[in-house]
> 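To start, I am sharing the structure in question, which I have written as structure tokens.
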Amino acid sequence: MGVEIERKYTVKELPKDLDKYPFHVIEQGYLNVKPAIRVRREDDTYYMTYKNRDMYAQQDSSPQQEAPIGATEYNLPLDKDSYEHMLTKADGNVIRKKRYLIPLNTDAFTETDAQDLQIDKSALKIELDVFDAPYDGTIIAEVEFPSEEAASAYKPADWFDQDVTGDKRYSNAQMSLRQ
């Protein structure tokens, strides 16, 4: 079992020279939305994911937190045939996107925060998702963190717009249900 702690942002403008960054081509379908059960192809790798924010919220000791920043997550490997079979059973739209892996902004953390929280800034990346139809024009940036404290201390990149962490409208599972 893993825990995913991330913050999610809309984007004001794309980074310059976007094509110079490595990327993954992702296709995913949801068999269930809550809890999220999805099958995903990332380049030539296939897997199924179970993700549940409610389980994480029950583990969280801060009841005042409205939308948990983390999710309990399990990944199980699949072969191509199993992936393709399960994808035909997906509810709603299949999501297709290109995910760029961009180095974290240099001013992401103060030096004090980076030292106190033992953050290896070089290990963190901005994952920039550029969606294909039927979500053309949707661009979301995500940053995953080693702890909630690191997520809280993070200073967003200048090219980010709104913090939409916890906003269901930007959840891939919820997006898959849109008409």
Side-chain angles (χ1 to χ4, degrees), residues 1-11 23-43 45-101 124-152 154 156 160-179:
M1 171 178 77
V3 174
E4 176 185 71
I5 299 169
E6 69 180 13
R7 289 183 61 191
K8 193 177 283 198
Y9 300 88
T10 57
V11 173
F23 63 87
H24 296 291
V25 175
I26 296 173
E27 176 184 73
Q28 63 194 31
Y30 286 83
L31 306 174
N32 198 58
V33 171
K34 187 173 180 182
I37 301 173
R38 75 166 180 234
V39 292
R40 176 183 274 184
R41 175 182 57 83
E42 185 174 310
D43 303 322
T45 303
Y46 306 89
Y47 53 97
M48 180 169 57
T49 300
Y50 170 89
K51 192 184 289 194
N52 190 337
R53 294 205 179 283
D54 292 340
M55 282 177 60
Y56 179 80
Q58 291 169 5
Q59 297 170 7
D60 185 6
S61 60
S62 56
Q64 74 277 9
Q65 189 173 353
E66 291 177 15
I69 198 167
T72 302
E73 183 174 292
Y74 301 91
N75 287 314
L76 303 167
L78 295 174
D79 60 30
K80 182 179 180 182
D81 290 339
S82 297
Y83 165 79
E84 289 175 350
H85 175 74
M86 284 194 267
L87 188 65
T88 65
K89 300 177 182 324
D91 294 336
N93 297 305
V94 172
I95 292 178
R96 293 175 181 87
K97 59 188 177 181
K98 190 179 277 190
R99 173 170 285 170
Y100 294 90
L101 306 174
L124 302 179
K125 300 277 184 251
I126 296 169
E127 296 178 341
L128 181 68
D129 289 346
V130 179
F131 291 81
D132 291 338
Y135 310 103
D136 286 332
T138 302
I139 302 171
I140 303 293
E142 297 179 358
V143 182
E144 290 190 26
F145 300 95
S147 68
E148 287 190 38
E149 295 78 16
S152 295
Y154 176 67
F160 289 2
D161 196 14
Q162 295 178 330
D163 184 339
V164 294
T165 304
D167 185 332
K168 290 181 181 181
R169 295 174 299 167
Y170 297 94
S171 153
N172 282 218
Q174 292 296 320
M175 287 172 61
S176 72
L177 299 177
R178 281 192 211 147
Q179 296 299 327

> Compare all side-chain heavy atoms of Val94 with those of Leu87 and state whether any distance is below 4.5 angstrom.
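With C-beta onward as the side chain, the pair touches.
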> Applying side chain to side chain donor-acceptor pair (under 3.5 Å), can you list everything that pairs with Tyr170, at least two apart in sequence or on another chain?
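Residues passing side chain to side chain donor-acceptor pair (under 3.5 Å) with Tyr170: none at all.
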> Does Phe131 have more than 12 heavy atoms from other residues, nucleotides or ligands lying within 6.0 Å of its CZ?
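Yes.
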> In the structure I gave you, are the side-chain heavy atoms of Tyr50 and Pro35 within less than 4.5 Å of one another anywhere?
yes
> With rounding to the nearest 0.5 angstrom, report the CZ to CD distance, Arg99 to Glu142.
5.5 Å
> Please name the pair of heavy atoms, one in Ile126 and one in Ala141, separated by the smallest distance, quoted to 0.1 Å.
CG2-CB, 4.1 Å
> Could you state the interatomic distance from CG (Leu128) to NZ (Lys97), rounded to the nearest 0.5 Å?
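NZ of Lys97 is found 10.5 Å from CG of Leu128.
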> Of the non-hydrogen atoms in Lys98 and Phe23, which two are nearest, and what is the gap between them?
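Closest approach of Lys98 to Phe23: CG-CD1, 3.5 Å.
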> Quick check for you: to the nearest 0.5 Å, what is the distance between Arg40 atom CZ and Ile26 atom CD1?
4.5 Å
> Taking the side chain as everything from C-beta on, heavy atoms only, tell me whether Pro77 gets closer than 4.5 Å to Thr45.
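With C-beta onward as the side chain, the pair stays apart.
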> Nearest 0.5 angstrom please: Leu177 CG to Asn172 CG, how far?
11.5 Å
> Do you know the tightest heavy-atom contact between Leu31 and Met48?
CD1-SD, 4.4 Å
> The criterion is salt bridge (charged side-chain N to carboxylate O under 4.0 Å, His left out); which residues satisfy it with Glu144, sequence neighbours excluded?
none
> Just to verify, what does Glu27 make a salt bridge (charged side-chain N to carboxylate O under 4.0 Å, His left out) with, not counting sequence neighbours?
Arg41, Arg96
> Mind listing the closest non-hydrogen atom pair of Glu148 and Ile5 along with its distance?
N-CD1, 3.8 Å
> Roughly how far, to the nearest 0.5 Å, is the CE atom of Met175 from the OH atom of Tyr30?
9.0 Å
> When you compare the side chains of Glu42 and Tyr47, does any donor N or O come within less than 3.5 Å of an acceptor on the partner?
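Yes, side-chain donor-acceptor contact under 3.5 Å.
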> Just to verify, what does Thr10 make a side chain to side chain donor-acceptor pair (under 3.5 Å) with, not counting sequence neighbours?
none
> Who passes side chain to side chain donor-acceptor pair (under 3.5 Å) against Thr49, sequence neighbours left out?
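Thr49 satisfies side chain to side chain donor-acceptor pair (under 3.5 Å) with Asn75 only.
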> Please name all residues satisfying ring pair (Phe, Tyr, Trp, His ring centres under 6.0 Å) with Tyr135, sequence neighbours left out, ordered by chain then number.
none
> Donor-acceptor pair, distance only, cut-off 3.5 Å: does the side chain of Asp163 make one with the backbone of Tyr9?
no
> Okay, side chain of Arg178, backbone of Arg169: is any donor-acceptor separation there less than 3.5 Å?
yes
> Nearest 0.5 Å, please: how far is CG in Asn52 from NZ in Lys34?
8.0 Å
> So, for Arg7 and Ser152, which heavy atoms are closest and what is the spacing to 0.1 Å?
NH1-O, 4.2 Å
> Can a donor-acceptor pair be found, under 3.5 Å and without considering hydrogens, that links the side chain of Thr165 to the backbone of Lys8?
yes
> What do the steps show when you test Asp161 against Val11 for side chain to side chain contact (heavy atoms under 4.5 Å, CB included), and what is the final call?
CA-CA 5 Å; Asp161 196 14; Val11 173; 5.9 Å; no
